[in-house]
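Okay, structure first, notes after.
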Amino acid sequence: MNFITVKSYDELSVKAANIIASQIIMKPNCVLGLATGSSPVGTYKELIKKCNAGELDFSTVTSVNLDEYVGLNGDHDQSYRYFMNTNLFNHVNIDKAKTAVPSGISDDLAAEGAAYDKHIADLGGIDLQLLGIGLDGHIGFNEPADVFTKETHVVDLHESTIEANARFFESIDDVPKKAITMGMGAIMNAKKVLLVANGANKKEILEKAFFGPITPQVPASILQLHPDVTVIYSEN
Ligand code: F6R
């Protein structure tokens with residue numbers, strides 16, 4: 001594992017964007033696994049800059065996102081589809097038809113999960129998976145549990161996740177209680193994993209995840225078994 005500590009969020013964002021840009025340059029038709037949340041926003045801004053400067057071409061890139069809230073459709077301003085459109089896809093030359101976010105409004109979420117996994121498998125898996133980490137150690141929305149779940153599945157969000165994400169909603173009661181998330185199978189099958197985290201409040205969970213025991217109670221700890229993980233952390 002490559003654990004890089006940097007001095008600022010800006011430095012984190014530039015480094016993470018450089019890694020993603022290298023992936024796209026080395027394999028223009030790559031499959032990117034993408035994340036939402038605060039942590040990758042700066043990374044996406046840097047990627048947009050590179051694309052606008054003519055240094056990066058997304059036209060042959062395919063993407064698959066980690067997760068979506070159950071009950072929110074893609075037009076809802078707190079849905080993860082909306083987040084991806086506004087924070088990245090609308091500003092780069094990616095073909096939106098080649099961007100996938102699980103549907104949180106499907107009538108049959110189990111079938112949606114199975115179809116999502118099939119889509120990822122049909123693409124040949126993920127070349128580079130970008131991740132953030134929750135305060136409880138979740139990656140995607142794989143919350144602490146008794147087992148690691150392999151497939152894309154529906155989860156009950158933990159109280160700490162609902163509290164952490166309430167900042168994006170008018171009130172905590174508006175935060176969806178369930179999400180659909182990629183499972184550990186697709187994440188662990190990704191050829192490369194890049195996890196970005198910032199803030200002093202993430203320090204303890206990063207120590208547990210990357211230097212503690214491997215346990216589904218700290219979901220990100222499974223990444224210790226992945227052969228190619230880069231973590232970029234900024235305390236600020
Ligand atoms: C987002 C996701 C989550 C976030 C995590 C950290 O798609 O899957 O695992 O990465 O909750 O969120 P932030 O970056 O907002 O602290």
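Just follow the structure's listing: the first ligand is 1, and inside any ligand the first atom is 1.
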Exercise. Enumerate the atoms of ligand 1 whose separation from the nearest heavy atom of G140 is less than 4.0 angstrom.
Key: 2 (C), 3 (C), 8 (O), 9 (O)
Self-check item: Atoms of ligand 1, numbered as shown, that sit under 4.0 Å from any heavy atom of H138
Solution: 3 (C), 5 (C), 9 (O), 11 (O)
Quiz item: Which residue owns the protein heavy atom closest to atom 1 (C) of ligand 1, what's the atom, and how far is it?
Solution: T36 OG1, 3.1 Å
Practice problem: Anything under 30° is parallel, anything over 60° is perpendicular, the rest tilted; go ahead and classify F83 against Y80. | Solution: perpendicular
Quiz item: Take atom CD in E204; do more than 12 heavy atoms of anything else shown fall under 6.0 Å from it?
Solution: no
Quiz prompt | For atom 10 (O) of ligand 1, closest protein heavy-atom neighbour | solution = G132 CA, 3.3 Å
Quiz item: With distance as the sole test, does E11 use its side chain to make a donor-acceptor pair with the main-chain N or O of K7 at under 3.5 Å?
Solution: yes
Quiz prompt | D174 CG: over 12 foreign heavy atoms closer than 6.0 Å | solution = yes
Practice problem: Give a yes or no on whether the backbone of I133 and the side-chain of H138 come within a donor-acceptor separation of less than 3.5 Å. | Solution: no
Quiz item: Heavy-atom contact under 4.0 Å between R167 and ligand 1?
Solution: yes
Practice problem: Compare I139, L66, L34, D67 and give the one whose heavy atom is closest to atom 7 (O) of ligand 1. | Solution: D67
Practice problem: Considering the heavy atoms of S38, write down every atom of ligand 1 situated less than 4.0 Å from one of them. | Solution: 13 (P), 14 (O), 15 (O)
Exercise. May I ask you to identify the nearest protein heavy atom to atom 16 (O) of ligand 1, giving residue, atom name and distance to one decimal place in Å?
Key: K202 NZ, 2.7 Å
Quiz item: Can an N or O of Y80 be found at a distance shorter than 3.5 Å from an N or O of ligand 1?
Solution: no
Quiz item: Strictly by modelled atom types, are D57 and S59 linked by a side-chain donor-acceptor pair under 3.5 Å?
Solution: yes
Practice problem: Quick one: look at I133 and ligand 1, take heavy-atom pairs under 4.0 Å, and tell me if it's side chain, backbone, both or neither. | Solution: backbone
Quiz prompt | Aromatic centroids of F211 and F3 separated by under 6.0 Å | solution = yes
Self-check item: Protein contact to atom 14 (O) of ligand 1 [nearest heavy atom, distance to 0.1 Å]
Solution: S39 OG, 2.4 Å
Quiz item: More than 12 foreign heavy atoms under 6.0 Å from NZ of K45: is that the case here?
Solution: no
